[in-house]
Amino acid sequence: MAATKPIPTLRGEEKVYFEEAKNGRLVYQLCRDCAQRIFYPRTVCTNCMSENLEYVASAGKGTIYSFTTLHVPGHPEFADDVPYTVVLVDLEEGVRVLADLVDCDPDDVKVGMSVEVLFEAVTEDFTVPRFRPSAQ
Amino acid sequence: MNVYVAGTAMTTFGRHPEANTVELAVEAGRAALEEAGVQPEDVDTVYVGNFLGQSLHHQGVLASLVARGLGLPFVPATAVEGACASAGIALRHAVMSCRVGDARVALAIGTEQLTASPVPEVTRGLAEAMDRETDGATGLTFPGFFGLVAQAHETRYGTTREQTASVVVKNRRHGRHNPLAMFREEVTVDDVLGSRPIADPLRLYDCSPISDGAAAAVVTVDRPTTAQSAVEVLACEQASGPASISDIEDLTSFPATTSASTCAYARAGITAADLQVVELHDCFSVAEIVDCEDLGLLPRGEAGAAITDGATTFDVGKLVVNPSGGLLSRGHPVGATGLAQIHEITAQLRGTAAQQVEGAELGMAHNLGGCGASATVTILGRA
């Protein structure tokens, strides 16, 4: 049997996040009490501990805050993927996302580069957001 | 209540594929008790730091196995996990047990066995120090996390690859004199920059090695009566920071380190300028730059240049950082590292170190876990 890439065992809060990813939506939370933007999803606000949180869909556009290209795989099942680039993206809505960068030569990656989200199904049940250079 | 470090010990760090986690802990624990002149039956409590014993070796009840291996009475034996900060946290609990009057003698041990497992399994295990649910699916490694940190520090402060590599050069030069270190050969900046890429911009020599080993410290309420100078615990503080990577606002600083060190300086009643010697958590070259800035040892944004100019080495700097060679030379048996740092600082304050910082009276150890998920800062003084 072929080894599979690590699939998170979803806690309550992440379930919504990954369900939404399957529907092609990158969501974060907005606190209705203090307007804090929260990512990843949580049960209580990271600023004021309110439980009055709503899910909001991001437009999926942002810029690269930092990046690294991996030459040694993080998990034996990523061995065929090296070199691959992992980026921290600052979304326009003000939250930061860690994700894989695709459709980009590692030599061309730069801090501040504009990127946009796409969704890739890792298994039938599990989809992850990834980023690629913006189309413009 | 005053609390002292009465004795310390460590195994050689490196490859011990034949020894298991418990054996390593017992070896270090016995040596520390002997060094302190404490009998096993006088130990009131034991804390054992370890990270991957359960993941790699499928062994639980570690602390009780270690306690029996040491021939301790049936005292409380507690395992502590805080990724790379496991041993620092174990020490803090030993110190707290003494401070609150629960113990007169507390033993802290850190232990790790990594090299008996295949490297991909170890790499996967080390990634357990990240938030698996949220960061795990990207395939980011631990070197990858510090690659992100290096890129962020370069972007914000202009820190160069040569400056980052100079941390490795310094620590390998210090490590030459440490008979317990895994690496005892010097390297050049070109060697570092020419080693194979791991996680850009970091290369092989920017990374501390996968290692086995154990270290231990005996903490007592009674002032040690041995001939060597007594070493007092002036502060042993712990703080948490964001455990998920996207939660970290500024990748050029670890809030857990700044919080723990602020508390430690206040408790000890000193400032960074009072220190002569520091062992800090250089798990990767760039980590030493960030740590020096977070601990207030060097101005923010300037540590890369200052380290390159010798600000933290023998004969040049006002303080010496990582005289033992740090994690980059000594090796990094994850759950043992924090107590190997205490072993070195204790020796420096007693004046018995392999490479002595002359006149050292105040020293500090800084142990960082996960992606800054936790940190401990311990200040020791010659009493």
Side-chain angles (χ1 to χ4, degrees), chain A residues 3 5-15 17-18 21 28 38-42 46 64-79 81-91 95-101 106-107 109-112 120 122 126-131, chain B residues 117-158 195-204 206-207 210 241-252 284 286 371:
Chain A
K5 290 180 178 171
I7 306 293
T9 311
L10 300 183
R11 297 188 291 236
E13 303 92 330
E14 275 102 29
K15 212 162 189 165
Y17 173 72
F18 286 107
Y28 62 95
I38 303 155
F39 188 86
Y40 297 93
R42 290 191 172 75
T46 52
I64 293 179
Y65 167 71
S66 191
F67 65 93
T68 183
T69 296
L70 296 150
H71 301 270
V72 176
H75 188 279
E77 289 71 34
F78 283 87
D81 297 346
V82 289
Y84 55 93
T85 302
V86 177
V87 291
L88 276 164
V89 175
D90 283 337
L91 295 176
V95 295
R96 184 173 291 166
V97 182
L98 183 78
D100 293 290
L101 182 73
D107 291 340
V109 188
K110 295 203 167 31
V111 169
E120 287 190 3
V122 178
F126 184 69
T127 295
V128 288
R130 303 200 196 286
F131 284 83
Chain B
S117 304
V119 171
E121 290 301 313
V122 176
T123 305
R124 173 159 49 187
L126 294 173
E128 289 176 24
M130 294 188 268
D131 184 345
R132 174 183 157 81
E133 309 296 317
T134 52
D135 301 332
T138 60
L140 189 72
T141 57
F142 236 77
F145 172 68
F146 280 91
L148 292 170
V149 171
Q151 182 62 60
H153 210 279
E154 179 186 323
T155 303
R156 177 150 183 193
Y157 297 115
S195 60
R196 73 182 161 92
I198 301 294
D200 294 340
L202 302 179
R203 296 187 168 247
L204 183 65
D206 286 296
C207 309
I210 290 170
S244 308
I245 294 169
S246 61
D247 260 351
I248 304 172
E249 204 168 314
D250 177 359
L251 268 181
T252 64
F284 297 89
V286 67
C371 302

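Values reported hereafter were calculated over all heavy atoms of this structure, with side chains retained and with hydrogens, waters and symmetry mates removed.
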| Contacting region of B:Ile248 [heavy-atom separation from chain A under 4.5 Å] | backbone
| task | Could you tell me the separation between the OH atom of A:Tyr84 and the OG1 atom of B:Thr138, rounded to the nearest 0.5 Å? | result | 7.5 Å
| query | Under 4.5 Å between any side-chain heavy atoms of B:Ile245 and A:Arg96, yes or no? | reply | no
| note | Counting heavy-atom pairs under 4.5 Å with chain A, the top scorer among B:Gly139, B:Pro118, B:Ala127 is B:Gly139
| query | chain B heavy atoms under 4.5 Å from A:Val86: which part of the residue, side chain, backbone, both or neither? | reply | both
| field | Partner chain A: residue of B:Asp200, B:Leu140, B:Val119, B:Leu126 with the largest heavy-atom pair count (under 4.5 Å) | value | B:Asp200
| said: Can you tell me how far apart OG1 (B:Thr141) and CZ (A:Phe78) are? Round to the nearest 0.5 Å. | reply: 10.5 Å
| query | Does any heavy atom of chain A fall under 4.5 Å from the side chain of B:Thr123, the backbone, both, or neither of them? | reply | both
| request: For a side chain to side chain contact (heavy atoms under 4.5 Å, CB included) with A:Ser66, tell me which candidate from B:Thr252, B:Val149, B:Leu148 qualifies. | output: B:Leu148
| Interface moiety of B:Glu249 toward chain A, non-hydrogen atoms closer than 4.5 Å | backbone
| request: Mind running side-chain contact (heavy atoms from CB on, under 4.5 Å) on A:Val111 and B:Gln151 for me, showing each step along the way? | output: CA-CA 8 Å; A:Val111 169; B:Gln151 182 62 60; 3.7 Å; yes
| Region of A:Tyr17 in contact with chain B, defined by heavy-atom distances below 4.5 Å | neither
| Highest number of heavy-atom pairs under 4.5 Å with chain B: which of A:Phe126, A:Phe67, A:Phe18? | A:Phe67
| message | For chain B, which candidate among A:Val97, A:Val72, A:Thr69 shows the most heavy-atom pairs at distances under 4.5 Å? | response | A:Thr69
| Is chain B contacted by the side chain of A:Phe39, its backbone, both, or neither, given a heavy-atom distance below 4.5 Å? | both
| Looking at B:Pro197, B:Gly147, B:Pro120, which has the largest count of heavy-atom pairs under 4.5 Å with chain A? | B:Pro197
| field | Nearest heavy atoms of A:Leu98 and B:Ser246, plus distance in Å | value | N-CB, 4.3 Å
| message | Working note: B:Asp247 + A:Arg42, criterion side-chain contact (heavy atoms from CB on, under 4.5 Å); need CA distance, chi angles, decisive distance, verdict. | response | CA-CA 12 Å; B:Asp247 260 351; A:Arg42 290 191 172 75; 2.6 Å; yes
